[in-house]
Amino acid sequence: MATVHLRIGDLVWGKLGRYPPWPGKVVSPPKDLKKPRGKKCFFVKFFGTEDHAWIKVEQLKPYHPHKEEMIKINKGKRFQQAVDAVEEYLKKAKGKDQSHSDDKSKSDKGRKAAKPMKIIEEDDEDAFKGGSSDKEQTDSDPEPSSVQRLVAGTVSGFKWDSSPASSMEPITKRLKIIEEDTRSTSIQAADSTAINGSITPTDKRIGFLGLGLMGSGVVSNLLKMGHVVTVWNRTAEKCDLFIQEGARLGRTPAEVVSMCDITFSCVSDPKAARDLVLGPSGVLQGIRPGKCYVEMSTVDPETITELSQVITSRGGRFLEAPVSGSQQLSNDGMLVIVAAGDRSVYEDCSSCFQAMGKTSFFIAGEAGNAARMMLILNMVQGSFMATIAEGLTLAQATGQSQQTFLDILCQGQMASTFVDQKCQNILQGNFKPDYYLKHIQKDLRLAISMGDSVNHPTPMAAAANEVYKRAKALDQSDNDMSAVYRAYIH
């Protein structure tokens, strides 16, 4: 393969993740931002956004030869604004060159031409250090907009590699890790940390985005255990209670991330998770080398892979850590955390996980494995809840006592706090949300889709999903998952 020559200041089309090729400029990376190991890449600043990232060489194309092709296949308004920004940049650069042409020609005499930069090989760790006399034209750059999320699209004729360029930090030995045959690891916290006063909170600054049913309990326990926490929520009023408890307020997700060492997020679904990271004033704008981002939302593996890629491309460190539990368990500090991704971030979060949960598991392998595990867990839970509701209504339809059915159930092998609590709430007509029905239906849908992706049948989950969809049609979305009972009686 022929060597591709690029140098600082060259205009390119760069591809980041699933987004369409975007116009950008090769620039010098920050001194404290290391090149991802083993990657042949250049550091690119994108026009029309505040994005800048390491881009693999196979995801780069020269700007001018491919300009017409790109304009034909990308028609979005934001894309056109980015192209206009490039043209404005070129116009300013040309005017500057003309006005200083005489001085430039004199100063150029005897000066050697800047050497083009070659593709960075694995051992070319210092390829960006020196070797070029070109400077980044920061005074001529167009003013970046707040647009963060690029318009989705595809490009024909290109082979874009979307694998994340991440590196793992050294693993410390200060936590006792239990290795299991399942290739998962677990940090065991025997007691609920809401009643365990022996936790030593980390000295790292903690950020938290999303104060819903789960997030509120998590933040409350982090504060109780002495962590320094900065919070943000889309509905700002929800922050007030935590400010009174000692939390700090962040005006935007980007501000929270920039202020904190580790930032957690817990939102409703994949779209909300992406918007939080990639949207205006989003997480990505605050990510700097070494910043940690922990995604606690229950989303699909593809979303996790995408978020991991964009975070690590900025030099950030990424961990997914969805939780199994409910609002009550969150309030009690009894959640179960399932994590995957950067092991060193998992260890850095030790005191936080102990504050919010009774135990946590690290799933070996790639980011996305925790999402897979959590979707399977919630698929089982959602299907089980629908089956319980079906049993209760069948008991009623056949003239049997629902209370007696519950009493027998709770004395058998399926006895659990979950069964007893949900059934009692159903019999009392109490559907106050402990875990939203709309969220368990979302989890079922994502689990079924995951099964389809590996050609694995999920008929039980599919049947349960239809019952939850029926309950949603009956306006039960914002009630507890146990409101699936109402799908059987209407």
Side-chain angles (χ1 to χ4, degrees), residues 4 6-30 33 41-97 134-162 165 252-254 271 274-287 306-307 309-311 313-315:
V4 176
L6 288 174
R7 64 183 183 218
I8 300 296
D10 280 357
L11 299 180
V12 294
W13 295 97
K15 181 75 168 62
L16 181 63
R18 66 168 59 182
Y19 302 113
W22 208 259
K25 183 176 68 170
V26 177
V27 299
S28 298
L33 182 59
C41 53
F42 292 99
F43 198 71
V44 176
K45 175 182 177 182
F46 291 102
F47 285 90
T49 79
E50 296 181 6
D51 285 335
H52 42 77
W54 288 107
I55 305 295
K56 295 171 71 174
V57 70
E58 57 265 34
Q59 296 171 308
L60 291 170
K61 298 290 180 180
Y63 178 80
H64 292 288
H66 296 278
K67 175 183 173 182
E68 296 303 321
E69 176 187 357
M70 297 301 175
I71 290 176
K72 286 181 181 179
I73 57 180
N74 290 290
K75 300 295 184 181
K77 181 179 179 181
R78 292 175 179 175
F79 175 82
Q80 187 56 53
Q81 290 174 340
V83 173
D84 291 343
V86 177
E87 298 306 312
E88 183 65 23
Y89 165 76
L90 290 170
K91 187 185 298 183
K92 289 181 178 180
K94 183 177 180 180
K96 187 174 182 180
D97 287 344
D134 291 316
K135 289 180 62 180
E136 181 185 357
Q137 300 286 335
T138 53
D139 56 340
S140 301
D141 286 344
E143 183 68 24
S145 71
S146 62
V147 176
Q148 195 62 266
R149 187 172 187 175
L150 306 183
V151 182
T154 59
V155 178
S156 59
F158 279 76
K159 285 187 176 180
W160 300 110
D161 187 312
S162 59
T252 65
K271 182 180 184 303
R274 288 191 185 98
D275 289 347
L276 192 63
V277 173
L278 303 167
S281 300
V283 167
L284 199 59
Q285 291 187 19
I287 290 292
E306 177 185 354
L307 297 183
Q309 180 177 349
V310 296
I311 295 296
S313 71
R314 289 287 188 89

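How far NZ of K271 is from CG of D275: 4.0 Å, rounded to the nearest 0.5 Å. Interatomic distance, CD of Q81 versus CD of E88, reported as 13.5 Å (0.5 Å rounding).
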### Task
Under the ring-ring contact (aromatic ring centres under 6.0 Å, His included) rule, what do Y63 and W13 come out as? Steps first, then yes or no, please.
CA-CA 6 Å; Y63 178 80; W13 295 97; 5.0 Å; yes

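Between L90 and L11 there is a side-chain heavy-atom pair separated by less than 4.5 Å. Taking 4.5 Å as the limit, every side-chain heavy atom of F42 sits out of range of all side-chain heavy atoms of I55. Under the 4.5 Å side-chain criterion, counting only non-hydrogen atoms from C-beta, I311 is in contact with L284. Under the 4.5 Å side-chain criterion, counting only non-hydrogen atoms from C-beta, M70 is not in contact with V83.
Residues F79 and P21 come closest through the heavy atom pair CE1-O, 3.8 Å. Considering all non-hydrogen atoms of both residues, D10 and L6 come closest at OD2-CA, 3.5 Å. Looking at every heavy atom in both residues, V12 comes nearest to L60 through CG2-CD2, 3.9 Å. Scanning all heavy atoms of the two residues, the minimum distance from S281 to P253 falls at O-CD, 3.4 Å. Scanning both residues, C41 and W54, for their nearest heavy atoms gives SG-CE3, 3.7 Å. Minimum heavy-atom separation, P23 to A82: CG-CB, 3.8 Å.
The backbone N or O of F47 lies less than 3.5 Å from a partner atom in the side chain of W22, making a donor-acceptor pair.
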